[in-house]
Amino acid sequence: MRTSQFPLFTLKEDPADAEIASHRLMLRAGLIRKLASGLYTWLPWGLRVLHKVEAVVREEMNRSGAVELLMPSVQPAELWQESGRWEQYGPELLRFHDRHGRAFCYGPTHEEVITDLARHELRSYKQLPVNFYQIQTKFRDEVRPRFGVMRAREFVMKDAYSFHLDTDSLAETYQRMYDTYARIFTRLGLDFRAVQADTGAIGGHASHEFHVLADSGEDAIAFSDQSDYAANVELAEALPPEGPRPAPTQPMETVDTPGVHTIEAVADFLGIPVERCLKTLVVRGESDLVALVLRGDHSLNELKAARLPGVRRPLELAGEEEIRQRLGVGVGSLGPVGLDLPVYVDHAAGRVADFCCGANVDGQHHVGVNWGRDLPEPETVDLRNVVEGDPSPDGRGRLKIVRGIEVGHIFQLGTKYSEAMGATVLDERGRAVTLTMGCYGIGVSRIVGAAIEQHHDERGIVWPEPIAPFQVAIAPIQWGKSERVRETAERLYRELSEAGVEVILDDRDLRPGVMFADLELVGIPHRITVGERALKRGVVEYQGRRDTRATEWTVDEVLDRFRR
RNA sequence: CGGGGUAUGGCGCAGUCUGGUAGCGCACCUGCUUUGGGAGCAGGGAGUCGGGGGUUCGAAUCCCUCUACCCCGACCA
């Protein structure tokens, strides 16, 4: 390709509304353009990258034995009503009607459609196991699309669905998908980690997420420094602290804390460390409100809280008004002492002695409070998010916490959809058996953003070679003036192209600085500069994207090097 | 959905408080000169100030209203 024919839409200045590196660079390098919130056009250079990611995914899926098909993105409401998700899914599901008034949705995922296919086409255990996949556009009406292609409303996903006679067969395919995903992300040149995950709205049993490690990631993942334990923080268990609780040393007293509400403010005001202040959160329960008590420096894990008996799912924090009406006190002065609500106490909070907490009277706190003396000994539960340094739940090592971008997620679904939709096959004895399912997703378009998050510098993108839009850029200097430059550049272009190298020739006749800046911004891994200065000595210059200076090679050396 | 913010040539912004009929940088077009790290000079095109309503002799500027977008929190590939 030539830049004159395959135009580069680069931007000299940063777009105002792009916050993170990948979003900024994708706009500046001319990979994408925004059409509306969460909707992006893939420009030619961006599409090349997207296609490369797809190609790797497709190759590895095929290698794993999965079979590609393509389902419609528009789906009839009936299927979703059958699975029960028409009601469950919420406003993220984009719903609409056709001209006949029939209800449809734009597919955010395809369990219903594939299960419908399976119940029609799969008749016998002899057809199992089978794993169908597609690479296709999804739409999820995200509350808050952001970070460009990382959380777009319309995005490209690879989704796969496997069907089995039993859970052993599912476990086998699940493991194969796990290994396949690891191969895919390795081949894409990404630093990633597989972690145990929550099954969320999709439902099912075992589940792993694959995260590309990046500080800008929206997820926190916890892993042990001494074992292979790794889990999404929302799932990681916080073990009860070791050792007994210290003995009380202070009497309980009540102090005035006028206008002091937040835990930090209370700790600061009373001169007590945050870890010795307990905070009381109030959530909605099935009948009454429910109180959750945590150490001041810990944060509530909403998934864990929502699993507690009597707590409403999904978790909803009670409103300020609601609390005042029920308890006669504002949220800033709540505490477990004499609290007239069901109370759950976090393990760590149950091990604090001489603590401070709200007095359930506006503007007052208790200090020197002790469990078992000033209030009943609590039965503690796991309520909080783990923090760095917590013991690993598998008992080996301590947890470290890093941020990740979720690019893949695999689930052992079980029979959630096949049962609701009546998808069965006959087994050896002619009995109808409900299909057991697995599903496996990869955020193909998100990978492009994630790769940039991990691979960029102050000059622009630094593509991992397997997904670079082009491998080699030829940068001729004085293209319009020097016949020798043109001839050499053309020869390199021709011979490299014939050798199957993806090469872009910059024939825009630009000043060198502009050309170099563009080629670095778009992140081409290898650049060959052709200029009179070097040609006089019979050489051209090679510079890798990460190199700080060029080395001189003859044209033949260049050709040898890239022809392999 | 709650909180905060923005909306002015293609992009990035100033002008808004203190109404007087729109400006800067980049990009773009033409010409000349230049050509190894985002060139210089000269000339030029392009906006009616997010939409609607109002106040006023006069509105980008004041008031009302709607919309879009961005950022921070709960969901997900």
Side-chain angles (χ1 to χ4, degrees), chain A residues 9-20 23 27-28 30 33-39 53 57 89-93 108-110 135-160 181 197-202 209-212 218-219 232 234 299-300 302-303 306 314-317 319-320 405-411 439-450 459-460 475-482 485 509-521 527 529-535 541 543 549-550:
Chain A
F9 300 111
T10 54
L11 265 31
K12 204 162 168 180
E13 288 169 272
D14 280 336
D17 52 11
E19 290 293 310
I20 65 170
H23 187 194
L27 289 167
R28 275 197 60 198
R33 285 294 181 262
K34 187 174 74 174
L35 177 65
S37 178
L39 303 177
V53 175
V57 170
Y89 214 90
E92 230 175 72
L93 184 63
T109 174
H110 278 65
I135 295 176
Q136 191 225 28
T137 299
K138 298 283 189 271
F139 189 95
R140 293 183 189 173
D141 202 354
E142 293 279 350
V143 187
R144 186 152 97 79
R146 63 190 130 163
F147 304 148
V149 116
M150 295 271 245
R151 180 171 297 280
R153 292 194 293 175
E154 188 175 304
F155 60 99
V156 178
M157 176 165 151
K158 186 285 299 175
D159 46 328
Y181 275 33
D198 181 54
T199 49
I202 307 233
E209 288 167 352
F210 289 77
H211 287 265
V212 166
E218 293 188 81
D219 287 275
N232 194 307
E234 64 185 18
S299 63
L300 177 69
E302 306 206 359
L303 286 177
L315 194 76
E316 294 168 51
L317 282 172
E320 170 93 46
I405 301 163
E406 186 189 348
V407 290
H409 201 161
I410 59 178
F411 300 85
C439 78
Y440 319 93
I442 287 183
V444 174
S445 42
R446 181 180 281 181
I447 285 175
V448 178
R459 292 179 299 175
I477 289 164
Q478 300 257 40
W479 171 264
K481 274 231 173 103
S482 164
V485 164
D509 196 22
L510 294 173
R511 302 171 65 80
V514 180
M515 186 165 52
F516 294 157
D518 262 1
L519 295 174
E520 282 158 2
L521 176 61
R527 184 179 79 208
T529 305
V530 181
E532 282 287 349
R533 202 172 70 184
L535 282 181
E541 289 152 272
Q543 186 167 347
R549 55 174 48 191

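Letters go in sequence order (proteins before strands), and every chain restarts at 1.
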Enquirer: Pick base, sugar-phosphate or nothing for A:Arg527, based on heavy-atom distances below 4.0 Å to the nucleic acid.
Expert: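 Base: the residue A:Arg527, judged by heavy atoms under 4.0 Å, touches a nucleobase.
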Enquirer: Under 3.5 Å for both donor-acceptor distances, Watson-Crick or wobble: does B:rU35 have a partner, and if so which one?
Expert: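 Pairing partner, where one exists within any strand: none, as none qualifies.
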Enquirer: Distances for protein N/O vs nucleotides 11-14 of chain B N/O pairs under 3.5 angstrom?
Expert:
from, atom 1, to, atom 2, distance (Å)
B:rG12, OP1, A:Ala16, N, 3.4

Enquirer: Per the side chain to side chain contact (heavy atoms under 4.5 Å, CB included) rule, which among A:Asp159, A:Val156, A:Val407 passes with A:Val444?
Expert: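 Looking at A:Asp159, A:Val156, A:Val407, the match for A:Val444 under the side chain to side chain contact (heavy atoms under 4.5 Å, CB included) is A:Val156.
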Enquirer: Could you write out each protein N or O paired with an N or O of nucleotides 3-9 of chain B at a distance under 3.5 Å?
Expert:
none

Enquirer: In whole Å, what separates the P atom of B:rA7 from that of B:rU35?
Expert: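 One P to the other, the span is 43 Å.
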Enquirer: Identify, with sequence neighbours excluded, every residue that meets salt bridge (charged side-chain N to carboxylate O under 4.0 Å, His left out) alongside A:Glu302.
Expert: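 So A:Glu302 forms no salt bridge (charged side-chain N to carboxylate O under 4.0 Å, His left out) with any residue.
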Enquirer: Just name whichever nucleotide pairs with B:rU61, Watson-Crick or G-U, keeping both distances under 3.5 Å, else none.
Expert: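 Here B:rU61 is not engaged in any pair, so there is no nucleotide opposite it.
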Enquirer: Consider the side chain of A:Asp518, meaning its heavy atoms from C-beta on, and name the nucleotide among B:rG37, B:rG38, B:rC75 that approaches it most closely.
Expert: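 Per side-chain heavy atoms of A:Asp518, the pick is B:rG38.
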Enquirer: Given atom CZ of A:Arg146 and atom P of B:rC76, what is their separation to the nearest angstrom?
Expert: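 To the nearest whole Å, that distance equals 14 Å.
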Enquirer: Across the strands shown, which category fits A:Ala450 at heavy-atom distances under 4.0 angstrom: base, sugar-phosphate, nothing?
Expert: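 Here A:Ala450 touches no strand at all.
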Enquirer: Between B:rC63 and B:rC17, how far apart are the P atoms? Round to whole Å, please.
Expert: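 Here B:rC17 and B:rC63 have their P atoms 9 Å from each other.
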Enquirer: Kindly point out which of B:rA77, B:rG37, B:rA39 is positioned nearest to the side chain of A:Val514?
Expert: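 Closest nucleotide among those given: B:rA39.
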Enquirer: Would you indicate, yes or no, if B:rC72 has its OP1 or OP2 atom less than 4.0 angstrom from a side-chain nitrogen or oxygen of A:Arg144?
Expert: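 Checking A:Arg144 against B:rC72: at least one side-chain N or O falls below 4.0 Å of OP1 or OP2.
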Enquirer: Under 4.0 Å between any heavy atoms, over every strand shown, what does A:Gly531 touch: base, sugar-phosphate, or nothing? Just pick one.
Expert: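 The answer is base, as A:Gly531 lies within the cut-off (heavy atoms under 4.0 Å) of a base atom.
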Enquirer: Touch check for A:Glu19, heavy atoms < 4.0 angstrom, all strands: base, sugar-phosphate only, or nothing?
Expert: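 Sugar-phosphate only.
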Enquirer: If you look at every strand shown and take non-hydrogen atoms under 4.0 Å, does A:Ala534 touch a base, only sugar-phosphate, or nothing?
Expert: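 A:Ala534: base contact, heavy atoms under 4.0 Å.
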Enquirer: I need the CD-P distance between A:Glu218 and B:rC71, as an integer number of Å.
Expert: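 It is 10 Å, rounded to the nearest whole Å.
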Enquirer: Got a donor-acceptor pair under 3.5 Å from the side chain of A:Glu520 to the base of B:rG37?
Expert: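 Yes, a donor-acceptor pair under 3.5 Å.
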Enquirer: Rounded to whole angstroms, how far apart are CD on A:Glu154 and C1' on B:rA77?
Expert: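 To the nearest whole Å, that distance equals 14 Å.
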Enquirer: When you check the phosphate oxygens OP1 and OP2 of B:rG38, does a side-chain N or O of A:Arg511 lie under 4.0 Å from one of them?
Expert: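 Indeed not, no polar side-chain atom of A:Arg511 lies that close.
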Enquirer: Looking at every heavy atom in both A:Ala152 and A:Gly38, which two are closest together, and how far apart are they?
Expert: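 Minimum heavy-atom separation between A:Ala152 and A:Gly38: CB-O, 3.5 Å.
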Enquirer: Measuring only the C1' atom in each nucleotide, how far is B:rU6 from B:rG38? A whole number of Å is fine.
Expert: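 B:rU6 and B:rG38 have their C1' atoms separated by 29 Å.
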Enquirer: Which nucleotide in the set B:rU35, B:rA77, B:rC1 lies at the smallest distance from any side-chain heavy atom of A:Phe155?
Expert: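 In terms of side-chain proximity for A:Phe155, the closest of B:rU35, B:rA77, B:rC1 is B:rA77.
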Enquirer: Taking the P atom of each, how far is B:rA14 from B:rG9, in whole Å?
Expert: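 B:rA14 and B:rG9 have their P atoms separated by 13 Å.
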Enquirer: Heavy atoms from C-beta onward define the side chain here; which of B:rA77, B:rG38, B:rC69 lies closest to that of A:Arg28?
Expert: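 So the nucleotide nearest the side chain must be B:rG38.
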Enquirer: Let me know the distance between CD of A:Glu302 and P of B:rG73, rounded to the nearest Å.
Expert: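 Rounded to whole Å, this separation is 13 Å.
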Enquirer: Is it true that A:Arg527 and A:Glu520 make a salt bridge, defined as a side-chain N closer than 4.0 Å to a carboxylate O?
Expert: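 Yes, A:Arg527 and A:Glu520 are salt-bridged.
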Enquirer: Tell me whether A:Lys138 contacts the main-chain N or O of A:Arg153 through its side chain, where contact means a donor paired with an acceptor under 3.5 Å.
Expert: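 Pair absent, no side-chain N/O of A:Lys138 close to backbone of A:Arg153.
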Enquirer: Return the nearest nucleotide to the side chain of A:Phe147; candidates are B:rC72, B:rG36, B:rA74.
Expert: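 The answer is B:rC72, which lies nearest to the side chain.
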Enquirer: Rounded to whole Å, how long is the line connecting atom CD1 of A:Ile477 with atom P of B:rG38?
Expert: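 Checked: the CD1 to P distance equals 12 Å.
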Enquirer: Any strand is fair game: report the nucleotide pairing with B:rC49 by Watson-Crick or G-U wobble, both distances under 3.5 Å, or none.
Expert: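 Across any shown strand, B:rC49 pairs with none.
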Enquirer: What residues, two or more places apart in sequence or in another chain, satisfy salt bridge (charged side-chain N to carboxylate O under 4.0 Å, His left out) together with A:Asp14?
Expert: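 A:Asp14: salt bridge (charged side-chain N to carboxylate O under 4.0 Å, His left out) contacts with A:Arg28.
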Enquirer: Can you find an N or O donor on one side and an acceptor on the other, under 3.5 Å apart, linking the side chain of A:Glu532 with the base of B:rG36?
Expert: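 Result: no qualifying N/O pair found.
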Enquirer: Check every atom of B:rC71, B:rA77, B:rG38 against the side chain of A:His409 and return the nucleotide holding the closest atom.
Expert: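 The answer is B:rA77, which lies nearest to the side chain.
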Enquirer: According to a strict under-4.0 Å criterion, is A:Lys12 in side-chain N/O contact with OP1 or OP2 of B:rA27?
Expert: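 For B:rA27, OP1/OP2 do have a side-chain N/O of A:Lys12 under 4.0 Å.
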Enquirer: So what does A:Lys34 hit on the nucleic acid, given a heavy-atom distance under 4.0 Å: a base, only sugar-phosphate, or nothing?
Expert: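 Sugar-phosphate contact only.
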Enquirer: Tell me: CG of A:Asp141 to P of B:rC1, nearest whole Å?
Expert: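 Taking CG of A:Asp141 and P of B:rC1, I get 11 Å after rounding.
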Enquirer: Can you tell me if A:Asn232 uses its side chain to pair, donor with acceptor, with the backbone of A:Ala197 under 3.5 Å?
Expert: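 It does not hold such a pair.
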Enquirer: Quick one: is A:Ser37 getting a side-chain N or O under 4.0 Å of the B:rC70 phosphate, OP1 or OP2?
Expert: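 Result: yes.
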Enquirer: Just to verify, what does A:Phe139 make a ring-ring contact (aromatic ring centres under 6.0 Å, His included) with, not counting sequence neighbours?
Expert: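 Residues passing ring-ring contact (aromatic ring centres under 6.0 Å, His included) with A:Phe139: A:Tyr106.
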Enquirer: Under 3.5 Å for both donor-acceptor distances, Watson-Crick or wobble: does B:rG2 have a partner, and if so which one?
Expert: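 B:rG2 is paired, partner B:rC72.
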Enquirer: Looking across every strand, which nucleic acid part, if any, lies under 4.0 Å from A:Val143 by heavy atom: base, sugar-phosphate, or nothing?
Expert: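 Result for A:Val143 = base.
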Enquirer: How far, in whole Å, is B:rG52 from B:rA68 if one measures between their P atoms?
Expert: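 Nearest-Å result for B:rA68 against B:rG52 at atom P: 16 Å.
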Enquirer: For the side chain of A:Arg140, starting at C-beta, report the closest nucleotide among B:rG38, B:rC76, B:rG73.
Expert: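 Given the options B:rG38, B:rC76, B:rG73, the side chain of A:Arg140 is closest to B:rC76.
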Enquirer: Determine which nucleotide pairs with B:rC17, using a 3.5 Å limit on both distances of a Watson-Crick or G-U wobble pair.
Expert: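 In the structure as shown, B:rC17 has no Watson-Crick or wobble partner.
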Enquirer: What is the base-pairing partner of B:rG43, counting Watson-Crick and G-U wobble geometry with both distances under 3.5 Å?
Expert: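 B:rC29 is the nucleotide pairing with B:rG43.
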Enquirer: For the pair made of CE in A:Met515 and C1' in B:rU35, what is the distance, rounded to whole Å?
Expert: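 My rounded result for the distance is 10 Å.
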Enquirer: Check salt bridge (charged side-chain N to carboxylate O under 4.0 Å, His left out) between A:Glu218 and all other residues, then give those that pass, not counting sequence neighbours.
Expert: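 A:Glu218: salt bridge (charged side-chain N to carboxylate O under 4.0 Å, His left out) contacts with A:Arg146, A:Arg151.
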Enquirer: When the C1' atoms of B:rG10 and B:rA46 are compared, how many Å lie between them, rounded to an integer?
Expert: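 That atom pair is separated by 9 Å.
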Enquirer: Determine which nucleotide pairs with B:rG9, using a 3.5 Å limit on both distances of a Watson-Crick or G-U wobble pair.
Expert: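 None - no nucleotide pairs with B:rG9, as no candidate has both distances under 3.5 Å.
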Enquirer: Can you tell me, in whole Å, how much space there is between the C1' of B:rU48 and that of B:rA60?
Expert: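 Their C1' atoms lie roughly 9 Å apart.
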Enquirer: Measure from CE on A:Met157 to P on B:rC76 and round the result to the nearest Å.
Expert: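 From A:Met157 CE to B:rC76 P: 12 Å.
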